[in-house]
Amino acid sequence: MDRATIDVEAASAYVRGRRTLEGGYCFYRTPSWGVEEPNAPDTLAALGSLRLLEVAPAQPHQTADWLLSLQAPGGGYATLTIGWASLRALALLGRGPERSPDSWLSAWSEQLLEERPTRQPRPWLLELLRLAELFELRGVTPDRARLTRLLERSVAAHGGWPRDAAELETTGVVSELIRRARLEPVAARSTVAFLQACEDPALGLRTTPDAAATTVGALWGGVTVARNRLQALRHPEAIAASIALLQRRDGGFGERHRALTTLRDTWLALRAWSTLAELQAPGSAAEKAGGGGSAEASRGQPGPDRR
């Protein structure tokens, strides 16, 4: 496989092969061992991946029925993660929940927007993004002033999130949260400066400014910040090569080079690839804002290998 391309057909086969007998998806599905354990996050990742690959999911009605079974009689879900994944996956299938989850969402909003200094920052910021995505899906307006204050208090002095240990994936999460919740930009200049400090001619993007490695999350986070801040990237070809390097022989993608293949990482990789292509498209907003980018950036775009 060329280091700057991805194998679309292999990726599609991997995702489709993760579908279980119940209609949901599971990254560790192993029929030969009788392992059929669908879960909502993997199902969302699979459907999101198939959408990016322009492949129709098999028996979507069965998948939707399985997702509908995860909702409690009162309209809620066992966890925010399950509810987020279920509702977003249903939306990808053109379906909605059988009962309104809005009261359940409101309760989660109050909990997540509480001032709690002992909260673990990375999972909290990810949960805020998931809440914002569900609010957007349901047409609900978040408490933008409160949300902005929390983000301003959690940004690192040199830019990036979280405050005590800023890294590119979580910075991408916050950038996407700001976009989804339609907030005024928070620490816009320092966020761009943090992104630029993470750029690398060999890896494309590093996890942190002083790291010597990258991950699928960092690659997704970096291109997401670049798109949302209309910032041209200096090493798009290196980013494309780093993404392609994460694809395994089974067609899926891992968190790092040679890491275990998962549906979550496959979806992140495909989202990063798609966003990078968007950024490199002639006449894109990022290209115009960056004056066309570097000479390297102007040479071609990443494109799927449909072998």
(message) Can you tell me which residue among L205, L276, V173 is in a side-chain contact (heavy atoms from CB on, under 4.5 Å) with W220?
(response) V173
(message) Please check: side-chain N/O of R130 versus main-chain N/O of L80, any donor-acceptor pairing under 3.5 Å?
(response) no
(request) State, with a plain yes or no, whether a side-chain heavy atom of V186 is found less than 4.5 Å away from one of V174. (result) no
(message) Testing the basics here: between R19 and A58, what is the closest heavy-atom pair and its distance to 0.1 Å?
(response) NE-O, 3.2 Å
(message) If you define the side chain from C-beta out and look only at heavy atoms, does anything of Q62 sit under 4.5 Å from D65?
(response) no
(request) Spell out, as yes or no, whether a donor-acceptor pair under 3.5 Å connects the side chain of R229 to the backbone of T191. (result) no
(request) Could you pull out the closest heavy-atom pair between R248 and L260, with the gap in Å? (result) NH1-N, 4.3 Å
(request) Give the C-alpha distance, both sets of side-chain angles, the deciding distance and a yes or no for side-chain contact (heavy atoms from CB on, under 4.5 Å) between F253 and L268. (result) CA-CA 9 Å; F253 293 74; L268 275 176; over 6 Å; no
(request) Output yes when a side-chain donor or acceptor of T20 lies under 3.5 Å from a complementary backbone atom of E37, and no otherwise. (result) no
(request) Report yes or no: does T275 contribute a side-chain atom to a donor-acceptor pair with the main-chain N or O of A272 at less than 3.5 Å? (result) no
(message) Please find the pair of heavy atoms, one from P101 and one from Y77, that lie closest to each other, and give the distance.
(response) CB-CE1, 4.5 Å
(message) I want to check something: taking the side chain as every heavy atom from C-beta on, are V140 and L105 in contact at a cut-off of under 4.5 Å?
(response) no
(message) What's the separation between atom CZ in R264 and atom OG in S49, rounded to the nearest 0.5 Å?
(response) 12.0 Å
(message) Under the side-chain contact (heavy atoms from CB on, under 4.5 Å) test against L168, which residue among T215, L195, L219 passes?
(response) L195
Which atom pairs, one a donor and one an acceptor, fall under 3.5 Å between side chains of residues 159-167 and the rest of the protein, sequence neighbours left out?
from	atom 1	to	atom 2	distance (Å)
W161	NE1	L151	O	3.1
W161	NE1	S154	OG	3.2
R163	NE	R153	O	2.8
R163	NH2	R153	O	2.2
E167	OE1	E169	N	3.0
E167	OE1	T170	N	3.1
E167	OE2	R122	NE	2.9
E167	OE2	T170	OG1	2.2

(message) Within this structure, what is the OG1-CG distance for the pair T214 and L246, rounded to the nearest 0.5 Å?
(response) 7.5 Å
(message) Walk me through whether L134 and W108 qualify under side-chain contact (heavy atoms from CB on, under 4.5 Å).
(response) CA-CA 11 Å; L134 290 180; W108 267 108; over 6 Å; no
(message) Looking at E136 and R88, is there a salt bridge between them, counting it only when a charged N and a carboxylate O are closer than 4.0 Å?
(response) no
(request) Answer yes or no: is there a donor N or O on one side and an acceptor on the other, between the side chain of S242 and the main chain of A238, under 3.5 Å? (result) yes
(message) Could you measure the distance from the CG atom of L125 to the CD atom of E176? Nearest 0.5 Å is fine.
(response) 13.5 Å
(request) Determine, using the 4.5 Å side-chain heavy-atom cutoff (strictly less than), whether L21 and W66 are members of one ILVMFWY cluster. (result) no
(request) Determine, using the 4.5 Å side-chain heavy-atom cutoff (strictly less than), whether L126 and I178 are members of one ILVMFWY cluster. (result) yes
(message) Keeping Q247 on the side-chain end and D7 on the backbone end, is there a donor-acceptor pair under 3.5 Å?
(response) yes
(message) Checking the side chain of W267 only, and the main-chain atoms of A46 only, is there a donor and an acceptor separated by less than 3.5 Å?
(response) no
(request) Any chance you could measure T261, atom OG1, to D250, atom CG, to the nearest 0.5 Å? (result) 3.5 Å
(request) Could you check if a side-chain atom of L52 sits within less than 4.5 angstrom of a side-chain atom of R271, using non-hydrogen atoms only? (result) yes
(message) Once rounded to the nearest 0.5 Å, what's the spacing between atom CG of L128 and atom CZ of F135?
(response) 10.0 Å
(message) Is there a side-chain contact between E36 and P31 in this structure, where contact means two heavy atoms from C-beta onward sitting under 4.5 Å apart?
(response) yes
(request) Mark yes or no for whether D42, through its side chain, and F27, through its backbone, hold a donor-acceptor pair below 3.5 Å. (result) yes
(message) How close do S100 and Q71 get, counting heavy atoms only, and between which atoms?
(response) C-NE2, 4.4 Å
(message) If you define the side chain from C-beta out and look only at heavy atoms, does anything of E184 sit under 4.5 Å from R144?
(response) no
(message) Are there over 12 heavy-atom neighbours, none belonging to E152, within less than 6.0 Å of that residue's CD?
(response) yes
(message) Could you report the tightest heavy-atom contact between A187 and V155, atom names first, then the distance?
(response) CB-CG2, 4.0 Å
(message) One thing to verify: whether R146 and E110 come together as a salt bridge, which I'm taking to mean a side-chain N less than 4.0 angstrom from a carboxylate O.
(response) yes
(request) Look at the side-chain heavy atoms of Ile, Leu, Val, Met, Phe, Trp and Tyr, link any pair under 4.5 Å apart, and say whether I82 and L44 land in one connected group. (result) yes
(request) Please report the C-alpha distance between Y25 and L263 in whole Å, then the side-chain angles of each, then the deciding distance to 0.1 Å, and finally whether the side-chain contact (heavy atoms from CB on, under 4.5 Å) criterion is met. (result) CA-CA 9 Å; Y25 292 74; L263 284 168; 4.0 Å; yes
(request) Please check if V216 and L203 belong to a single hydrophobic cluster, counting links between Ile, Leu, Val, Met, Phe, Trp and Tyr side chain heavy atoms closer than 4.5 Å. (result) no
(request) For S274 and L270, indicate whether the former's side chain and the latter's backbone hold a donor-acceptor pair under 3.5 Å. (result) no
(request) Check whether any side-chain heavy atom of T81 sits under 4.5 Å from a side-chain heavy atom of P41, and report yes or no. (result) yes
(message) Can you tell me how far apart CZ (F194) and OG (S175) are? Round to the nearest 0.5 Å.
(response) 12.5 Å
(request) Step by step, work out the side-chain contact (heavy atoms from CB on, under 4.5 Å) result for L93 and L67. (result) CA-CA 10 Å; L93 294 171; L67 289 165; 4.0 Å; yes
(request) Decide yes or no for I239 and L233: does some side-chain heavy atom of the first lie under 4.5 Å from some side-chain heavy atom of the second? (result) yes
(request) List the atom of Q231, the atom of Q196, and the distance in Å for their closest heavy-atom pair. (result) NE2-NE2, 3.1 Å
(request) Give a yes or no on whether the backbone of A218 and the side-chain of T207 come within a donor-acceptor separation of less than 3.5 Å. (result) no
